[in-house]
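Numbers restart at 1 for each chain; the letters A, B, ... are given by sequence-line order, proteins then strands.
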Number of protein chains: 2
Amino acid sequence: MKKQSVTLVQVAKKAGVSVMTASRAMSGEGYVSEDTKARVQEAAKALGYAPNALARVMKGGRTNVIGVVVNDLSSVVVNAFVSALTEEVRKYEMDLFIYNSIGQLDEQTQRRHSQLLHGLWDGLIYVLPRMTDEYLHELEKSASPIVLVNFCRRDTTLPVVQGDNFNAARDAVAGLIAQGHQRIAFIKGTHWTGQSAERERGYRQAMADAGLHIDKQWIEQGTYSEQSGQEAAQRLLALAERPTAIFCANDEMAIGCMNAARALNLQVPDDLSLIGFDDVTAASIVRPQLTTMRHPLPLMAQAAVQELMRRILGQPGTRQRVEFPAEMVVRESTAPIAGITKRRTRKA
Amino acid sequence: MKKQSVTLVQVAKKAGVSVMTASRAMSGEGYVSEDTKARVQEAAKALGYAPNALARVMKGGRTNVIGVVVNDLSSVVVNAFVSALTEEVRKYEMDLFIYNSIGQLDEQTQRRHSQLLHGLWDGLIYVLPRMTDEYLHELEKSASPIVLVNFCRRDTTLPVVQGDNFNAARDAVAGLIAQGHQRIAFIKGTHWTGQSAERERGYRQAMADAGLHIDKQWIEQGTYSEQSGQEAAQRLLALAERPTAIFCANDEMAIGCMNAARALNLQVPDDLSLIGFDDVTAASIVRPQLTTMRHPLPLMAQAAVQELMRRILGQPGTRQRVEFPAEMVVRESTAPIAGITKRRTRKA
DNA sequence: ATGAAAGCGCTAACAT
DNA sequence: ATGTTAGCGCTTTCAT
């Protein structure tokens, strides 16, 4: 039923030349007289000819396309990263196709995709991949170049580009401690990518470094959503000795904390300091503006593409795992613990 | 240099069967004895065989992939729409590949993409396309099914799914007029998609319907960016008789207006009412929360996919142009003109 | 139940 | 400068 698309054969016939000549005329490779070239192109245009990319690729060439698989394109971080990739890829005269595999964790669907993907791309970038071990092994055996981004589980042979979540979290919490905070809570995200676990590790390290004890009740489980952050904060703020600061595994949850604080008539940052992670757009829109940790996404995109291109071009890869330090973005949601001290300072 | 990927021939050889048998064993179509099937699959697994999607498709089948071309994936509206498409496409057991053509307006690049795309997809959805006339004509002649979304120029034969910008804008402005506003300004966006022009038409219509004169100075040119909205608002608020309300072609510019007002110590909505367009995430984060117009993106996504699938399946299309009414989201940035009246009301 | 042949649309490699 | 041949990896069709 599908309209039959025009092929080179028809163009060639119409132009009265061989298929090969038509091919040359269209691609511009090899010798063709200006005359015939024009004739062929005219015929092509008249027929509405468009070369079939698949056939061309099947002759063994590169597609000049890099695929990127993401889990949730609506995530601001993922989106920002994809934008960075889009820019980066252009430098190599490649194109980027995005596949949004949102929430599809089952083995079968994943395999279907990997098959779909196979052959269409010169290489593949997985951003914040959520995958089963078995699927990961399959990827490791795959012939086509692959780079993982922000995949924090240690057990893969594939090249990984990632932000340094551990040190970022440690710095964030150390910063709070330097401001006099001692009862510091942490709200976890989901476990899929391993990022939350790294951030928790950093939190624990900073507390240990300062010789501070962590009350079990200070560690809450969230789901990275604003709602879950709000609920976790409600529980934390209801504690007899409530925390004076909360470090959240991402910004959305920190914003949820802000809502919870407001509902209890607590002032941020005077009564409660908050630090998020990711520097999402909303972080600089909410009032008070959110202090947060930011991964250097453009640099990471650059590294990911560079690493992938090396593999596509058959050059040796550089390092198996490249890690980038995060940047602390200090805004309005954090302050020294003694509100009184602070007010005094202001008067001075 | 690229690692040679394993083909069916090698699998067949290893399993000691013909290629055809191997094919049947892998795809599950046709008769194969359980015995050989198992043997083939084992061989495939051992070799790390992955079927080549291209070759399979080239035999004339469908790819079961729908491509969507967007101009700016980082736009919240576009992103939301793509997410809606992702969901919708699943219902037809299709996959969605996204191509972010951000800012690439030149003819040559566009053509390269359309060629790149050709053959890989069963159909193509262009969201908020920015294209030259010539490129549009080329698409119209194209053999593969295409649907345009929110393409407001009237002159195309391709099926179009769009939000009703004209009536939405008219409703927005009529609402302001009903609240007593008479000096209402409008800030345009860029002209590419024709959406801003439609919104301007609605604005003018509402003003005309109410018999209100439009001062030339009330119409400002923006670029859809927050910054441009802020600058336009600065000019508007500097007028001798400044407008009491501003209708913006999108939310970002309205937020820019809010910033400009704050800088002048003007209260929104008491001193200045603001209406945006799109209901971007930030619209409900800023304080005061922004009143805005929202296109029914999920419905539109549904219509776009449905229309495209009809064409892919060779069924007759329904309508050439489907238009959806927008919804007004009333929040905190709009109020009746008489601030005094309002306060009195509050007391009561 | 299995195999052989043909061909999808295109282009490298070799003629002419 | 143009044409001929062959083949990419797979599946459809027709044997066996």
Check your understanding: What integer distance in Å separates B:L8:CG from C:dG3:P?
Key -> 13 Å
Exercise for review: Examine distances only and state if a side-chain atom of B:N79 and a backbone atom of B:S74 form a donor-acceptor pair shorter than 3.5 Å.
Suggested key: no
Exercise for review: Enumerate the residues from residues 13-26 of chain B whose closest heavy atom to DNA chain D is under 4.0 Å, giving them by residue number; use none for an empty result.
Suggested key: B:M20, B:S23
Check your understanding: What is the distance from CD of B:Q10 to P of D:dG9, rounded to the nearest Å?
Key -> 8 Å
Review point. A:N150 side chain to A:G163 main-chain N or O, any donor-acceptor pair under 3.5 Å?
Key: yes
Exercise for review: Return the orientation label for the B:F97 and A:W121 ring planes: parallel under 30°, perpendicular over 60°, tilted otherwise.
Suggested key: tilted
Exercise for review: Go through the steps for B:K45 and B:Q41 under the test side chain to side chain contact (heavy atoms under 4.5 Å, CB included), then give the verdict.
Suggested key: CA-CA 6 Å; B:K45 188 147 196 180; B:Q41 293 188 334; over 6 Å; no
**Study point:** Test side-chain hydrogen bond (donor to acceptor under 3.5 Å, both in side chains) applied to B:H137 - qualifying residues, sequence neighbours left out
**Key:** B:E140
Practice item. Check the pair A:T36, A:R24 against side chain to side chain contact (heavy atoms under 4.5 Å, CB included), reporting the backbone distance first and the verdict last. Key: CA-CA 10 Å; A:T36 34; A:R24 283 194 268 254; over 6 Å; no
Review point. With sequence neighbours left out, what residues match A:E323 under side chain to side chain contact (heavy atoms under 4.5 Å, CB included)?
Key: A:R154, A:Q162, A:D164
Practice item. Starting at CZ of B:F324, measure out to NE2 of B:H295 and round the result to the nearest 0.5 Å. Key: 11.5 Å
Practice item. Compare the minimum distances between each of C:dT2, C:dC10, D:dT2 and the side chain of A:Y31, then state the nucleotide with the smallest one. Key: D:dT2
Point to revise | Residues which pass side chain to side chain contact (heavy atoms under 4.5 Å, CB included) with B:A43, listed by chain and number, not counting sequence neighbours | key: B:V11, B:K14, B:A15
**Study point:** Neighbours of DNA chain C within residues 33-41 of chain A, by heavy-atom distance under 4.0 Å
**Key:** none
Check your understanding: For the side chain of B:T193 and the backbone of B:F151, is there at least one donor-acceptor N/O pair under 3.5 Å apart?
Key -> no
Check your understanding: Once you build an axis from the first five pairs and another from the last five of the helix from C:dA1-D:dT16 to C:dT16-D:dA1, how far apart in angle are they, to 10 degrees?
Key -> 40°
Exercise for review: Measure from OH on A:Y49 to C1' on C:dC10 and round the result to the nearest Å.
Suggested key: 7 Å
